[in-house]
2 protein chains.
Amino acid sequence: MKRDSRLSGILHVLLHMAEQSGPMTSETLAAAMSTNPVVIRRIMAGLREQGYVRAERGHGGGWSLACKLETTTLRDIHDALGGSALLALGNRTESPGCLVEQAVNAALDQAFREAEQILLGRLGQISLAQLSADFHRRRVAGATPHHMESHHAA
Amino acid sequence: MKRDSRLSGILHVLLHMAEQSGPMTSETLAAAMSTNPVVIRRIMAGLREQGYVRAERGHGGGWSLACKLETTTLRDIHDALGGSALLALGNRTESPGCLVEQAVNAALDQAFREAEQILLGRLGQISLAQLSADFHRRRVAGATPHHMESHHAA
DNA sequence: GTTTCATGTAACTAACAATGTTACATAATG
DNA sequence: CATTATGTAACATTGTTAGTTACATGAAAC
């Protein structure tokens, strides 16, 4: 089962945007995620609708952050992305007539729901500011200046 | 993201096997999971290798349980199925050079690992016997006799 | 005002993974 | 030895996701 890495990818570009004063184009961001600009726009659309980022057209346009890093959590971003399923496992049938399967579903559902709540809770406790702070710690520790271009393929 | 329902499906057939004295053929089990006999054999292969079920060929052959319901947990079954990924989310790159992405990965990895541990732990606490007991409770509550055939399409 | 540069979005294509199917070998039983 | 079952490889089908093309819209530069 292939894992959905949109959250990981978009957090990556959001933090790059946080390091930047002006707006960044879809093309630039796409390079950082080694993907296509249209894919960026597609994913960012959800964030724009929720007001986490702003898009400006034309010359000098592009994407910029429109939220406070301190109060925006990874869960917010996940939700803005569409809040897709967190678990790779699921029940075969949702409301089966078979009592055996009902028993199986009941047990699995409970376990699944619990794990989902834990994960959502965790994501809700991590702010973009924390990630940014962690990045700055790493940069200081490594003592290398940060240039986006130097870390991603052109 | 489509969810993997093999665990759900195979637990279903295992409990049906528990209700049966003799072996059950792949064809019969496939009917209960509304799938193909070969799919059953494919999935059951892992369980056979781990000794949870036994397969006998030829006349009167088929699948039968070879484990104690009390000591076999849902986690055992999950592992025997290949222990596939539990989460639908993942990181874009495993060991990125970009410090920003390292910070993102570190945070997500921790949250993911925690949720996975919770789920595995839960699955490890539920035995096949518990599911079976729950089924029997449901059967008594509903006061309807149980015939596998009557609950699944032919 | 027209050229350029950007996003917005629909439609299409490609790639991939999971499932289903066919075919045939192997083994056990009557 | 005919029948019935599993074992397994090979192939086909299906469905989802990501990638791409194409073009409309809007904003700034000139």
In whole angstrom, give the distance that lies between atom NZ of A:Lys2 and atom C1' of D:dG15. 13 Å
Would you give the length of the straight line joining atom CG of A:Leu123 to atom CG of A:Leu86, rounded to the nearest 0.5 angstrom? 7.0 Å
Nucleotide D:dT6, atom C1' - distance to CD1 of B:Ile40 in whole Å: 13 Å
Between A:Glu19 and A:His136, do the side chains contain a donor N or O and an acceptor N or O under 3.5 Å apart? yes
Taking only the side-chain nitrogens and oxygens of A:Ser26, find out if one of them lies under 4.0 Å from OP1 or OP2 of C:dT7. yes
Nearest-angstrom distance from the residue atom CH2 of A:Trp63 to C1' of C:dT7: 7 Å
If a protein heavy atom is under 4.0 Å from the base, mark B; if only from the sugar-phosphate, S; if neither, -; do that for nucleotides 20-30 of chain D going 5' to 3'. BB---BBBBS-
Could you state the atom-to-atom distance from CZ of B:Arg6 to P of C:dA18 in whole Å? 8 Å
note: A:Ile43, atom CD1; C:dT9, atom C1'; distance rounded to Å ~ 15 Å
Please work out if B:Arg54 contacts a base, only the sugar-phosphate, or nothing of the nucleic acid, heavy-atom cut-off 4.0 Å. nothing
Looking at B:Gln125, I'd like to know if its CD atom is crowded, meaning that more than 12 non-hydrogen atoms belonging to other residues, nucleotides or ligands lie closer than 6.0 Å. yes
For the helix from C:dG1-D:dC30 to C:dG30-D:dC1, measure the angle between the helix axis at one end and the axis at the other, each built from five pairs, rounding to 10°. 0°
In terms of heavy-atom contacts, does CD of B:Glu70 have more than 12 from other residues, nucleotides or ligands at under 6.0 Å? yes
Given the rule that I, L, V, M, F, W and Y join up when any side-chain heavy atoms are under 4.5 Å apart, are A:Val38 and A:Leu29 in one cluster? no
Categorize A:Glu56 for me: base, sugar-phosphate, or nothing, with a 4.0 angstrom heavy-atom threshold over every strand shown. sugar-phosphate
If Ile, Leu, Val, Met, Phe, Trp and Tyr residues are connected whenever their side-chain heavy atoms lie under 4.5 Å apart, and connections chain through other members, are B:Ile118 and B:Phe112 in the same group? no
How many Å lie between CZ on B:Arg48 and P on D:dT6, as a whole number? 11 Å
Under 4.0 Å, counting only non-hydrogen atoms across every strand here, what does B:Arg3 touch: a base, just sugar-phosphate, or nothing? nothing
Any donor-acceptor pair under 3.5 Å linking the side-chain atoms of A:Thr28 with those of A:Thr25? yes
How many angstroms lie between CG in B:Leu74 and CG in B:Leu119, if you round to the nearest 0.5 Å? 10.0 Å
Rounding to an integer number of Å, can you tell me how far B:Leu81 CG sits from C:dT19 P? 10 Å
Could you tell me if A:Gln110 and A:Arg113 have a donor-acceptor pair between their side chains, going purely by distance under 3.5 Å? no
Rounded distance (Å) that lies between atom C1' of C:dG8 and atom CG of A:Leu47: 15 Å
